[in-house]
Amino acid sequence: MLTRRPDARALALAIFLRRWAGAFSFSADALDSPGTARSGMTLLDAAQRAEQLAPDDPVIVVLSEAGHFEAMPGGHARFIETVEVRRAVLRLFAGPAFDEGQVLAAIADASGPP
């Protein structure tokens, strides 16, 4: 059975989200905050979902057209974080509970329309 190789941009987005999750994990340990820990877990869920995004997924298309991916050697990519994307992710933590779909949508929305 032939399996589809994950899109390099989807993997780059997943790595970005896992780094954010790691930062929240450290904060949760220091703050003993269940909300912070939940946010970190949601970011991990978003990373897992991002990893499965197809090359023509609207999130990947919007982020690509906004210039958020840098091509790297070996067919890899790197996600380029902007102030707008950082603000969009941080805004999620100031509101009510959120899910992985809202994380991906917030990142795409912060990047503007294609």
Side-chain angles (χ1 to χ4, degrees):
M1 177 173 198
L2 190 64
T3 59
R4 177 179 66 91
R5 182 176 174 200
D7 185 86
R9 297 164 300 168
L11 292 175
L13 180 58
I15 289 167
F16 164 76
L17 290 165
R18 284 188 179 100
R19 286 187 181 138
W20 268 93
F24 272 83
S25 175
F26 288 130
S27 296
D29 290 344
L31 300 173
D32 193 28
S33 167
T36 303
R38 258 190 317 278
S39 296
M41 293 303 294
T42 301
L43 285 166
L44 286 175
D45 291 343
Q48 185 175 7
R49 186 167 171 186
E51 205 168 51
Q52 303 304 315
L53 296 176
D56 61 348
D57 186 280
V59 170
I60 295 296
V61 171
V62 166
L63 294 174
S64 291
E65 291 181 0
H68 284 283
F69 297 107
E70 177 182 0
M72 304 296 286
H76 300 284
R78 182 174 74 89
F79 182 79
I80 300 169
E81 179 183 3
T82 62
V83 171
E84 294 79 15
V85 167
R86 182 177 296 153
R87 284 181 188 149
V89 173
L90 289 173
R91 252 185 246 117
L92 290 171
F93 302 108
F98 55 94
D99 65 28
E100 68 273 7
Q102 290 169 301
V103 172
L104 296 174
I107 291 170
D109 289 346
S111 300

Self-check item: Flag side-chain contact, heavy atom, 4.5 Å: Pro55 against Ile60
Solution: no
Quiz prompt | Results of ring-ring contact (aromatic ring centres under 6.0 Å, His included) for Phe98 - residues two or more places apart only | solution = Phe93
Self-check item: Backbone of Asp99 reached by a side-chain donor or acceptor of Gln102 within 3.5 Å
Solution: yes
Quiz item: With a 4.5 Å heavy-atom cut-off, do Leu92 and Thr42 have their side chains touching?
Solution: no
Quiz item: Any link between Ile80 and Leu17 through a network of hydrophobic side chains (Ile, Leu, Val, Met, Phe, Trp, Tyr) touching at under 4.5 Å?
Solution: no
Practice problem: Compare every heavy atom of Ser111 with every heavy atom of Ala66, then report the nearest pair and how far apart it is. | Solution: CB-O, 3.6 Å
Quiz prompt | Gap separating the CG atom of Leu53 from the CZ atom of Arg9, nearest 0.5 angstrom | solution = 10.0 Å
Quiz item: What residue pairs, at least two apart or across chains, pass ring-ring contact (aromatic ring centres under 6.0 Å, His included) with a residue in residues 37-70?
Solution: His68-Phe79, Phe69-Phe79
Exercise. To the nearest 0.5 angstrom, please state how far the OG atom of Ser64 sits from the CG atom of Asp57.
Key: 10.5 Å
Self-check item: Rounded distance [0.5 Å steps], CD in Glu51 versus CG in Leu13
Solution: 10.0 Å
Quiz item: So Leu43 and Arg18, side-chain contact (heavy atoms from CB on, under 4.5 Å) or not? Walk me through it.
Solution: CA-CA 7 Å; Leu43 285 166; Arg18 284 188 179 100; over 6 Å; no
Quiz prompt | side chain to side chain donor-acceptor pair (under 3.5 Å) contacts touching residues 71-84 (sequence neighbours left out) | solution = Glu70-Arg78, Glu81-Arg86, Thr82-Glu84
Quiz item: Do Leu44 and Leu11 share a hydrophobic cluster, counting only Ile, Leu, Val, Met, Phe, Trp and Tyr and linking them when any side-chain heavy atoms are less than 4.5 Å apart?
Solution: no
Quiz prompt | Min side-chain heavy-atom separation Asp45-Arg49 under 4.5 Å | solution = no
Practice problem: Say whether Trp20 and Ile107 are linked into one hydrophobic cluster, either directly or through other cluster members, by side-chain heavy-atom distances under 4.5 angstrom. | Solution: yes
